[in-house]
K.L.:
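First the structure, then my questions, so here it is.
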Amino acid sequence: MTCVFTSARCLEHRAPAGYPERPERLDGILVALQNRGIEIVEATADSRSEVSVEAVHDPEYVGRFERAVERGDGLLDSADNPLSPNSWKAAWGAVHATVMAARATATGEAENAFSAVRPPGHHAERGVAMGFCFLNNAAVAADYLLRHHGLERVAIFDFDVHHGNGTQHIFEHRKDVFYASTHQHPFYPGTGQREERGLGQGEGATLNVPLPMGTGDEEFLTAVDNEILPALAKFQPEVLIASAGFDIWQDDPLGGFQVSLNGIAELGKRLRAGAQEICDGRLFSVLEGGYDLPSLGDLAFSYLTGDTRVASS
């Protein structure tokens with residue numbers, strides 16, 4: 001059963017007019033999924049997730065983010081990260097919903113869970129906001145599972161068109177989290193070359209598969225089949241987290257891939273099948289990018305269910 005976790009607070013992070021990362025992204029996904037009978041669960045706060053936030057982010061940075069919102073600052077660290085009065089609450093809502101999805105997956109309460117949240121997280125570094133991201137939802141969830149559910153190995157597969165620099169850097173010295181990414185290269189943020197394989201004890205626990213602009217279904221799914229899934233099988237994670245970037249979609253205004261609706265549905269099918277073999281089906285996904293508002297609901301639904309029928313207008 002597919003179960004979607006979210007927080008109403010995620011819709012309260014506002015951005016300037018015309019800004020691509022805006023509440024309508026999430027609202028469109030939630031309406032589309034609910035209209036098709038998928039259960040939506042509202043997140044509640046969990047103090048354990050707060051511990052994990054400060055394990056993956058510098059406490060000084062977390063405090064700086066809170067103070068910037070309280071002061072009414074217009075941005076945090078760069079123009080890519082505008083602030084509004086409820087940005088702090090929205091970022092925490094995203095964290096709590098993602099941790100709920102992680103917990104439900106680890107305990108077997110939910111299969112194929114999806115954390116439908118914003119602001120996204122995978123560009124957020126340990127101490128710097130980047131690329132629309134403030135708190136790294138996937139990284140917090142991975143650390144939470146290791147700290148509070150007795151797990152020894154967690155993997156993150158990031159298929160956003162942009163490389164998840166923040167997630168990679170947060171875990172690049174660790175051997176208990178495997179980070180794998182397919183992404184357009186060269187492209188923002190400029191990281192994610194094949195030579196980046198982790199550092200120190202974490203060497204070999206990072207896999208980057210950069211792909212050229214124009215990559216379509218065949219090339220993308222071949223990379224997943226031939227490189228990502230075998231690497232995940234070798235690592236043998238106990239839970240698999242997918243950082244789901246629907247900006248791989250062929251009509252996304254911020255991406256350069258040519259992946260179709262069918263390709264995104266096939267990706268979801270292969271990840272679910274892979275998770276069944278690798279980690280007893282313990283897979284959950286967290287929303288990252290995706291900016292083509294008319295298509296986002298169909299993309300999320302197809303990814304989660306394999307059903308490529310589009311909603312009637």
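We count residues from 1, following the sequence as given.
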K.L.:
Can you check whether Thr6 reaches Leu30 side chain to side chain, under 4.5 Å on heavy atoms?
P.N.:
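Yes. Closest side-chain heavy atoms under 4.5 Å.
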K.L.:
As a test of understanding, state which of Met130, His183, His163 forms a side chain to side chain contact (heavy atoms under 4.5 Å, CB included) with Tyr188.
P.N.:
Met130
K.L.:
I'd like to check His57 versus Asn136 (side-chain heavy atoms, cut-off strictly below 4.5 Å). Are they in contact?
P.N.:
yes
K.L.:
Using a cut-off of 6.0 Å, state whether more than 12 heavy atoms not belonging to Glu24 lie near its atom CD.
P.N.:
yes
K.L.:
With side chains defined as the heavy atoms from C-beta onward, is the minimum distance between Ser295 and Asp251 less than 4.5 Å?
P.N.:
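A side-chain contact under 4.5 Å is absent here.
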K.L.:
If you measure from SG on Cys3 to CG on Asn112, what distance do you get to the nearest 0.5 Å?
P.N.:
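Spacing of SG (Cys3) from CG (Asn112) equals 10.0 Å.
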K.L.:
If you measure from CG on Asp298 to CG on Leu261, what distance do you get to the nearest 0.5 Å?
P.N.:
6.5 Å
K.L.:
Taking the six-membered ring for Trp, are His162 and Phe187 ring centroids under 6.0 Å apart?
P.N.:
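Ring centres of Phe187 and His162 closer than 6.0 Å.
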K.L.:
Any side-chain heavy-atom pair from Leu287 and Phe246 closer than 4.5 angstrom?
P.N.:
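Counting from C-beta outward, Leu287 and Phe246 do come under 4.5 Å.
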K.L.:
Under 6.0 Å between ring centres, would you say that holds for Trp249 and Phe257?
P.N.:
no
K.L.:
Taking everything shown except Glu203 itself, do over 12 heavy atoms lie less than 6.0 Å from its CD?
P.N.:
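Counting neighbours around CD of Glu203, 12 or fewer heavy atoms of other residues, nucleotides or ligands fall under 6.0 Å, so no.
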K.L.:
Treating Ser49 as the side-chain partner and His96 as the backbone partner, does any N or O pair qualify as donor plus acceptor under 3.5 Å?
P.N.:
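No.
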K.L.:
Output the distance between atom OH (Tyr291) and atom CD (Glu21), rounded to the nearest 0.5 Å.
P.N.:
6.0 Å
K.L.:
To the nearest 0.5 Å, tell me how far Cys133 SG sits from Asp77 CG.
P.N.:
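Cys133 atom SG to Asp77 atom CG measures 12.0 Å (nearest 0.5 Å).
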K.L.:
Filter on salt bridge (charged side-chain N to carboxylate O under 4.0 Å, His left out), then keep only pairs touching residues 133-157, sequence neighbours left out; what's left?
P.N.:
Asp143-Arg147, Asp143-Arg174
K.L.:
Distance check, rounded to the nearest 0.5 Å: His13 atom NE2 versus Leu26 atom CG?
P.N.:
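Answer for the NE2-CG pair, His13 versus Leu26, is 11.5 Å.
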K.L.:
I'd like to know whether the aromatic ring centres of Tyr19 and Phe132 sit less than 6.0 Å apart in this structure.
P.N.:
yes
K.L.:
Less than 6.0 angstrom separating the ring centers of Tyr61 and Phe134, yes or no?
P.N.:
no
K.L.:
With Arg14 as reference, evaluate Ser84, Ser87, Pro85 under the side chain to side chain contact (heavy atoms under 4.5 Å, CB included) test and give the passing residue.
P.N.:
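It is Ser84, the one option of Ser84, Ser87, Pro85 that forms the side chain to side chain contact (heavy atoms under 4.5 Å, CB included) with Arg14.
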K.L.:
Nearest 0.5 Å please: distance from the CG atom of Leu240 over to the OG atom of Ser285.
P.N.:
8.0 Å
K.L.:
Counting only heavy atoms not in Glu218, do more than 12 fall under 6.0 Å of its CD?
P.N.:
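Open.
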K.L.:
Under 4.5 Å between any side-chain heavy atoms of Phe114 and Phe284, yes or no?
P.N.:
no
K.L.:
Is there a side-chain contact between His123 and Pro189, using heavy atoms and a 4.5 Å cut-off?
P.N.:
yes
K.L.:
Using a 4.5 Å cut-off on heavy atoms from C-beta on, say whether the side chain of Trp92 contacts that of Val53.
P.N.:
yes
K.L.:
Does the side chain of Thr308 come under 3.5 Å of the side chain of Asn262 through a donor N or O and an acceptor N or O?
P.N.:
no
K.L.:
Around Glu12, counting heavy atoms of other residues, nucleotides and ligands shown, do more than 12 lie under 6.0 Å from its CD?
P.N.:
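Count over threshold, so yes.
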K.L.:
Going by atom types only, do Thr206 and Glu172 share a side-chain donor-acceptor pair under 3.5 Å?
P.N.:
no
K.L.:
What pairs meet the salt bridge (charged side-chain N to carboxylate O under 4.0 Å, His left out) rule with one or both residues in residues 125-140, with sequence neighbours excluded?
P.N.:
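For residues 125-140, and leaving out neighbouring residues, there are no salt bridge (charged side-chain N to carboxylate O under 4.0 Å, His left out) pairs at all.
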K.L.:
Please examine the side chains of Ile228 and Val209, heavy atoms only from C-beta on, and report whether any two atoms are closer than 4.5 Å.
P.N.:
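Yes, close enough: below the 4.5 Å cut-off.
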K.L.:
With the threshold set at 4.0 Å, does a side-chain nitrogen-carboxylate oxygen contact exist between Glu238 and Arg282?
P.N.:
no
K.L.:
Just do the salt bridge (charged side-chain N to carboxylate O under 4.0 Å, His left out) check on Arg67 and Glu70 with the steps written out, would you?
P.N.:
CA-CA 5 Å; Arg67 291 190 297 273; Glu70 289 176 345; over 6 Å; no
